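Just so it is clear, the structure is predicted and the values come from calculations on it, not from any experiment. Quick note on labels: first sequence line is chain A, next is B, and so on, each numbered from 1.
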Number of protein chains: 2
Amino acid sequence: MSELTRNQSLVLDALQSDFQPASAYTLLDRLRDHGFKAPLQVYRALEKLVESGLVHRLESLNAFVACQHDGCGRHRAAAFLICEHCKSVTEFDHARVQRAIGASAKDAGFTVRRSVIEVEGCCAACEGRDTG
Amino acid sequence: MSELTRNQSLVLDALQSDFQPASAYTLLDRLRDHGFKAPLQVYRALEKLVESGLVHRLESLNAFVACQHDGCGRHRAAAFLICEHCKSVTEFDHARVQRAIGASAKDAGFTVRRSVIEVEGCCAACEGRDTG
DNA sequence: GAGGGAATGTAATAAAATAACATCTGATTT
DNA sequence: AAATCAGATGTTATTTTATTACATTCCCTC
C-alpha cells in the first residue's frame, strides 16, 4: 500500500490498539473525538485497509480486526480462531488449511480467489478456567 | 430434528427449490403468498433448520442455503465453494480441511465447536466460458 | 493557476437482524 | 371438560450493518 491517509491511519490505530475485533460502528464511536461523523468515513478507510491486508474482515462477526502478522499484505488468505467466551481472536497458520482447500477445490475444477476460514470455539485460556 | 412445523417446511421448500443461496428477506418475499409477513417468521424457521443441519448459513453472503447432502445433521461443519460469477454454491468434502484445522487448533490449544469455511472464486463452468 | 483524480464530508436510505409483547395451538394433567 | 403449560406464531418497532448519491476539498501535474 502506498501511504495511509489520515482516516485510514486513525482506523488502523484504533484496531491496533487492542488487536481485537470491532464493528464499523464501534470504530465510528471511538473516532468521534477525531472528527468522524458518518459510517462511510469508517467503511471507506476499512475498504482500503482490508484491500492492503493490514486489516481483516471477520465475516461471522461482521467485524474487523488488525492483522496480527507483518506480511498479510502478501497472502490472500487469513484464518482465525474465535473464542466464543472471551471474544478474543487469533490469526493462525493456514498453510495446511490452505493446501487442503486447494486440493478440494482442484478436484472440483474451482479457482480459489479468497478463503474465509473462521473457527469458532474455546481458547486455551478459557478452557482452563471454565468447562464451557 | 423431530418434525418440521409449517413455517419451517415452507422455508425449507423455498431453499430446496434451487439449492442456491437466498437472504432471509428474499425468502420472506417468496413466501408472502403463503402468508408470511414479517422477517421473524423467516428467521425463526431458519434458526431451527440451521440447528438441525438441513440448512447452512453462508456468513460471507449473509444468506442461507439448503444442505446438499443428506446427513449434514450429523457433521458440525460444512464447507462451500462460492462462484463469484454465477453465484452458485457447492458444498464440498471438508474432511481434509477439517483435519488441517483440527491440527492447527490443537497446536493453539483451541477447542473447535464450528468451522466456517467459505471459498470464493470461480467455478469450472464459468472458468470455461470466461477468463474472469 | 487551471484541470483532473483521489479522498472527504454529509444526508439519506437500504439491507440484515433482533427485541418486545400479545396470541394461539395442542398435549398433558387434574 | 377445565386448567395448565410449552412451543410455535403473529405483529410492530427498533437496532445494527452497509451502501447510494451528491457536494466539496485536497493535492498533484501540466
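Every pair passing side-chain hydrogen bond (donor to acceptor under 3.5 Å, both in side chains) that includes a residue from residues 23-35 of chain A is listed here, sequence neighbours excluded: A:Ser23-A:Thr26, A:Asp29-A:Arg32.
In this structure, B:Val89 shares a hydrophobic cluster with B:Leu58, B:Leu61, B:Val65, B:Phe80, B:Ile82, the cluster being traced through Ile, Leu, Val, Met, Phe, Trp and Tyr side chains under 4.5 angstrom apart. Here A:Val116 sits in one hydrophobic cluster together with B:Val116; the rule is ILVMFWY side chains under 4.5 Å apart, joined directly or through other members.
Atom C1' of nucleotide D:dG7 and atom CD of B:Glu3 are separated by 15 Å, given to the nearest angstrom. Rounding to whole angstrom units, CD of residue B:Glu59 and C1' of D:dT17 are separated by 14 Å. Distance B:Leu4 CG to D:dA8 C1': 13 Å, rounded to the nearest Å. The interatomic distance linking B:Leu46 (CG) with D:dA8 (P) rounds to 15 Å, in whole Å.
Not counting sequence neighbours, the partners of A:Arg57 by the side-chain contact (heavy atoms from CB on, under 4.5 Å) test are A:Glu59, A:Asn62, A:Phe64.
The shortest side-chain heavy-atom distance between A:Lys48 and A:Thr5 does not fall under the 4.5 Å cut-off.
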Taking only distance into account, with no hydrogens and no angle test, what donor-acceptor pairs under 3.5 Å do side-chain atoms of residues 11-19 of chain A form with protein atoms, sequence neighbours excluded?
| unit_1 | atom_1 | unit_2 | atom_2 | d |
| --- | --- | --- | --- | --- |
| A:Ser17 | OG | A:Ala14 | O | 2.8 |
| A:Asp18 | OD1 | A:Gln20 | N | 3.1 |

query = Which letter, B, S or -, goes with each nucleotide of nucleotides 7-18 of chain C from 5' to 3', with contact meaning a protein heavy atom under 4.0 Å?
reply = SBBB-----BBB
